[in-house]
Amino acid sequence: MLRMSTLFLRTLREDPVDAEVPSHRLLQRAGYIRRVAPGIFTWLPLGWRTYRNVENVIRTEMDAAGFQEMHFPALLPREPYERTNRWSEYGDTLFRLQDRRKGDYLLGPTHEELFTLAVKSEFSSYKDLPISLYQIQTKYRDEARPRAGILRGREFVMKDSYSFDIDDEGLANSYRQHRDAYIRTFDRLGLDYVIVSAMSGAMGGSRSEEFLARSEVGEDTFVECPACGYAANTEAVTTLAPAEYNRALGEPHIEETPETSTIEALVSYAQDALPRPDRAWQASDTLKNVVLLVTDPDGASRPLVIGVPGDRAIDEKRLEAALAPATVSAFTDEDFEQYPVLVPGYIGPQVLGKDSESGIEYLVDPRVVAGSAWVTGANEPGRHVFDLVMGRDFRADAVIEAAEVRQGDPCPVCGQPLAIERGIEIGHIFQLGRKYAEALGLQVLDENGELVTVTMGSYGIGVSRAVAAIAEQSHDETGLCWPVAVAPADVHVVVMGKNPDVLAAAEELCEQAEAEGVRVLVDDRTGVSAGVKFNDAELLGIPTILVVGRGLKDGVVELRDRASGDAEDVPVSEILARLLDRSAVVRTD
RNA sequence: CGGACCAUAGCGCAGUUUGGUAGCGCACUUGACUGGGGGUCAAGGGGUCGCGGGUUCAAAUCCCGCUGGUCCGACCA
């Protein structure tokens with residue numbers, strides 16, 4: 001039994017000044033966590049109980065799915081990460097340190113290498129596979145800017161699983177098992193989440209989905225189709241090629257368009273000087289060609305031009321995701337000097353493409369379909385070309401998803417307008433493929449006695465982040481409101497006044513409840529006013545609040561639902577049954 | 001990595017402009033009253049004013065340097 005009179009807890013009446021998002025603010029005010037250094041937090045007793053409940057839900061579901069828990073060190077040698085290139089690729093985000101002999105070590109940001117090596121050292125036959133292993137581990141990432149409390153810390157706990165299969169079919173199966181286990185886990189945690197298509201990004205691999213807890217403070221943006229249920233991270237949204245597009249009125253013709261190096265100026269000029277017969281010119285009639293400098297992982301860089309409808313901006317995240325692992329930067333004046341064919345403000349696709357004279361790679365937005373006509377640069381200052389038709393008058397090397405996604409864009413599945421939402425990434429599942437197995441030489445003998453490289457999946461849940469995500473989704477103005485599955489106790493008993501008979505009656509009730517498996521936190525403090533106790537109870541957010549006080553002489557106590565605020569008087573004789581009904585009694589923490 | 005700002009009691013802040021006994025609210029201790037919504041009164045404890053140097057009779061305050069931190073953006077399985 002937790003007693004407020006002895007609990008290591010101090011609630012704060014005022015908000016900590018550094019806390020911006022509700023979860024961070026309330027977890028600190030309620031005495032669940034305290035900051036130690038930027039992005040590094042201590043869990044105080046109530047917070048730790050909550051954290052462990054979350055961890056236990058995750059662990060039970062992983063075990064139930066047949067995944068085996070093990071545990072790696074957080075402090076790791078450099079060598080395995082050197083072999084997969086991540087010692088350098090991870091960059092400044094990697095926490096590095098040296099031992100007394102100047103040997104390089106790191107604090108693990110994720111453990112693909114170690115799991116791969118572990119399987120390699122133990123198993124060597126297809127008969128041993130498939131297998132899925134996991135750990136619940138403290139991870140370290142030296143984030144450039146930790147923020148939002150434990151939503152994004154530099155030290156955090158992650159449950160990371162890895163599956164090992166002999167072939168793609170096996171991997172797909174392991175992936176499905178993890179996906180199902182994650183659904184059960186997040187359902188039990190009471191989270192409101194969506195599963196979105198994601199890019200596998202720097203991790204490599206093919207299929208990837210993210211579990212996002214809906215939250216306006218989330219750092220991930222995703223689109224969702226209210227009509228058909230399609231959902232995707234903005235990085236992974238695919239653009240529907242339009243069924244209708246501008247048709248050419250004739251052959252391409254170059255027009256004088258002075259001082260029109262921006263789309264806005266061009267549209268305005270064309271409207272005045274070269275009006276369309278049927279309707280006004282729009283930015284979406286123009287083809288904007290953006291030059292970027294692409295740098296490959298080996299350090300080589302080259303120009304790249306991307307053509308998008310003039311009303312669209314390039315979304316850097318989508319661009320980076322589309323080009324990964326290469327990175328992009330702006331094309332500078334010096335770069336332009338090296339490529340005189342590129343006339344800033346008047347770049348047109350006629351001179352672009354790998355097969356063209358310039359050899360500059362040219363990629364286009366999916367809206368630039370074959371047969372569509374555009375107004376675009378004529379590759380000379382002050383001139384644009386009209387009625388330039390994709391496929392007829394110019395070609396692209398490929399299609400790229402890099403344009404911004406907007407509210408109301410058509411769903412790639414059903415065509416209905418998409419909504420844009422924000423979420424907190426609480427889980428991510430990947431079909432990694434053979435990247436790590438190849439780099440580290442994880443092979444087994446197949447049934448024909450041939451060596452084959454194992455294919456892997458990688459699956460993560462942010463355990464500490466999930467605590468914050470739950471807090472983010474379940475709180476109100478007065479404090480936290482935990483779902484019963486993760487709450488630090490089942491019932492918060494508020495003992496009113498200082499009448500020893502009332503206290504004794506409350507104590508007895510608490511003892512009986514505990515004996516039945518109900519986890520009780522009792523506010524047995526004397527000399528604390530009713531207001532303080534009620535406010536603390538609401539701040540702490542235990543789902544059921546039981547007020548033992550003046551009703552006792554009539555044989556009733558007051559039962560309150562923290563979330564709704566609903567209260568009712570319940571006869572003492574019935575209270576145990578009611579509490580059991582509202583408790584997460586079957587629990588192993 | 002850009003931009004803005006901050007550092008004074010456990011927390012939140014004033015004091016710095018114009019140098020002169022280090023303050024307020026909350027929290028904490030003691031006592032009394034109160035006792036179903038952060039109650040009242042009284043008496044207390046708690047500070048290398050981030051660090052180092054300088055100017056001055058005198059520095060939280062002015063000057064120089066450093067360190068740490070926060071927020072916005074960039075970045076970020």
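Proteins get letters first, then strands, A, B, ... in listed order; numbering begins at 1 in each. Note that the coordinates shown come from a computational prediction; the quantities given were computed from them, not determined experimentally.
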Does the structure show a Watson-Crick or G-U wobble partner for B:rC76, both distances under 3.5 Å? Name it, or say none.
none
Give A:Pro109 one of three labels, base, sugar-phosphate or nothing, depending on what nucleic acid heavy atoms sit under 4.0 Å from its own.
nothing
Quick one: which of B:rA27, B:rC75, B:rG36 gets closest to the side chain of A:Glu558?
B:rG36
Write down the distance separating the P atoms in B:rG54 and B:rA59, rounded off to the nearest Å.
12 Å
Let's test this: given Watson-Crick or G-U wobble pairing with both distances under 3.5 Å, identify the partner of B:rA4.
B:rU70
Gap in Å between the two P atoms, one belonging to B:rU8 and one to B:rC1, rounded:
25 Å
Paired with B:rG38: which nucleotide, if any, by Watson-Crick or G-U wobble criteria at under 3.5 Å for both distances?
none
Between the side chain of A:Arg312 and the main-chain N/O of A:Glu404, is any donor-acceptor distance below 3.5 Å?
yes
Looking at B:rU48, which nucleotide sits across from it as a Watson-Crick or G-U wobble partner, both distances under 3.5 angstrom, or is there none?
none
Going by modelled atom types, is there a donor-acceptor pair between the base of B:rC71 and the side chain of A:Arg145 at under 3.5 Å?
no
Using modelled atom types and a 3.5 Å cut-off, is there a donor and acceptor pairing between side-chain atoms of A:Gln135 and backbone atoms of A:Phe72?
yes
Under 4.0 Å between any heavy atoms, over every strand shown, what does A:Asn499 touch: base, sugar-phosphate, or nothing? Just pick one.
nothing
Taking the same atom, C1', in B:rC26 and in B:rG65, what whole-Å distance lies between them?
37 Å
Examine distances only and state if a side-chain atom of A:Arg582 and a backbone atom of A:Asp561 form a donor-acceptor pair shorter than 3.5 Å.
no
Can you see if the side chain of A:Arg10 gets near the phosphate of B:rC11 - specifically, an N or O under 4.0 Å from OP1 or OP2?
no
Sticking with atom P, work out how far B:rC51 lies from B:rU61, rounded to a whole angstrom.
11 Å
Ignoring hydrogens and angles, are the base of B:rG12 and the side chain of A:Arg29 linked by a donor-acceptor pair under 3.5 Å?
no
pair_partner(B:rC26), Watson-Crick or wobble, both distances < 3.5 Å, evaluates to B:rG10
For the pair A:Asp523 and A:Arg525, find out whether any cationic side-chain nitrogen is under 4.0 Å from an anionic carboxylate oxygen.
yes
Let me confirm one number: the NZ-CZ distance from A:Lys435 to A:Phe430, rounded to the nearest 0.5 Å.
10.0 Å
NA contact type, A:Lys317, heavy-atom cut-off 4.0 Å: base, sugar-phosphate, or nothing?
base
For B:rU55, which nucleotide in any strand shown is its Watson-Crick or wobble partner with both distances under 3.5 Å?
none
Proximity to the side chain of A:Val17 - top-ranked nucleotide from B:rG12, B:rU70, B:rG36
B:rG12
B:rU34 versus B:rC41 - spacing of their C1' atoms, nearest Å
11 Å
Given the P atoms of B:rG15 and B:rU56, what is the spacing between them in whole Å?
28 Å
Euclidean distance for C1', B:rA77 against B:rA60 (whole angstrom):
47 Å
Phosphate contact (B:rC11 OP1 or OP2) by A:Arg34 side-chain N/O below 4.0 Å:
no
Parallel, tilted or perpendicular: ring planes of A:Phe41 versus A:His24, cut at 30 and 60 degrees
perpendicular
Would you say the side chain of A:Arg560 and the base of B:rG37 hold a donor-acceptor pair, judged only by whether the two atoms sit under 3.5 Å apart?
yes
I'd like the P distance from B:rA74 over to B:rU17, given in whole Å.
39 Å
Do A:Glu538 and B:rG37 share a donor-acceptor pair, side chain to base, under 3.5 Å?
yes
